[in-house]
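Predicted, not measured: the structure shown is a model, and the values here were computed from it.
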Amino acid sequence: MDSVRVNDAHPFRIVPVREDQDELDVRLYRSAKADPRYVDEDGSEEIGRLTVDLSGTVGRPLRERPIMLLFYFGAAELRVEVFDPATGETSRVSVDFDRV
């Protein structure tokens with residue numbers, strides 16, 4: 001288990017599975033366990049979702065399409081930024097906690 005300080009970025013790398021994929025849905029889970037392995041274990045539950053826009057790199061080879069999600073855990077919120085190394089762009093993504 002990693003310890004994350006309030007308002008420090010916690011990076012998570014994702015890669016689309018197809019060169020023509022223009023968005024990626026990410027589901028967020030929580031668990032009562034200290035070190036869960038799978039989201040379908042007892043004690044794990046989905047708490048939110050977010051959608052990442054990948055349209056800026058559609059058609060590029062997959063090795064050129066990794067995206068960095070930067071999670072910022074604050075006292076009362078979860079902020080997520082998306083950094084696309086291929087385009088150099090950073091954008092903010094909203095987490096939808098009501099879609100679960």
Side-chain angles (χ1 to χ4, degrees):
M1 176 169 44
D2 294 335
S3 178
V4 179
R5 290 184 2 196
V6 171
N7 294 323
D8 281 354
H10 183 75
F12 185 73
R13 183 177 182 265
I14 59 172
V15 180
V17 294
R18 298 183 326 272
E19 290 179 0
D20 65 342
Q21 191 171 348
D22 62 355
E23 68 179 23
L24 185 67
D25 288 323
V26 178
R27 295 177 181 202
L28 304 176
Y29 290 83
R30 71 175 172 193
S31 176
K33 294 183 179 181
D35 195 17
R37 288 187 61 123
Y38 304 104
V39 297
D40 61 352
E41 294 179 0
D42 287 339
S44 292
E45 67 176 311
E46 184 177 343
I47 60 167
R49 297 180 184 189
L50 58 95
T51 299
V52 178
D53 179 11
L54 301 173
S55 61
T57 59
V58 168
R60 291 186 184 197
L62 293 177
R63 70 180 177 280
E64 295 178 14
R65 299 193 70 203
I67 297 292
M68 291 301 295
L69 296 180
L70 303 171
F71 290 84
Y72 295 88
F73 297 92
E77 70 173 355
L78 169 63
R79 181 171 50 109
V80 183
E81 292 181 354
V82 178
F83 174 67
D84 186 338
T87 64
E89 295 179 9
T90 300
S91 59
R92 216 165 161 174
V93 178
S94 296
V95 178
D96 185 354
F97 291 102
D98 296 327
R99 200 166 61 162
V100 213

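Side chains of Asp25 and Arg49 form no contact here, defined as non-hydrogen atoms less than 4.5 Å apart. Val82 has its side chain within reach of Leu69: a pair of non-hydrogen atoms, C-beta onward, lies under 4.5 Å apart.
With rounding to the nearest 0.5 Å, the separation of CD in Glu64 from OG1 in Thr57 is 9.0 Å. Here the CD-CG distance, from Glu46 to Leu28, works out to 8.0 Å after rounding to the nearest 0.5 Å. Note: Tyr29 OH to Glu41 CD = 12.0 Å, rounded to the nearest 0.5 Å. Rounding to the nearest 0.5 Å gives a distance of 12.0 Å between CZ of Arg79 and CZ of Phe71. Interatomic distance, Leu50 CG to Leu78 CG, rounded to the nearest 0.5 Å: 8.0 Å.
Scanning for salt bridge (Lys or Arg N to Asp or Glu O under 4.0 Å) contacts around Glu23 gives an empty result, with sequence neighbours left out.
Closest non-hydrogen pair, Asp22 versus Asp53, comes out as O-OD1, 3.4 Å. When all heavy atoms of Pro36 and Ser44 are compared, the pair lying nearest together is CB-OG, 4.4 Å. Closest non-hydrogen pair, His10 versus Phe73, comes out as CB-CE1, 4.2 Å. Of all heavy-atom pairs between Asp42 and Lys33, the closest is O-CE, 3.5 Å. The heavy-atom pair separating Ala86 from Arg60 by the smallest distance is CB-NH1, 3.0 Å. Of all the heavy atoms in Leu70 and Pro11, the pair that sits closest is CD2-CB, 3.8 Å.
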Under 3.5 Å, sequence neighbours excluded: what are the donor-acceptor pairs made by side chains of residues 13-20?
residue : atom : partner : partner atom : Å
Arg18   : NE   : Asp20   : OD1          : 3.0

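When the side chains of ILVMFWY residues are joined at heavy-atom separations under 4.5 Å, either directly or via intervening members, Val93 and Leu54 end up in a single hydrophobic cluster.
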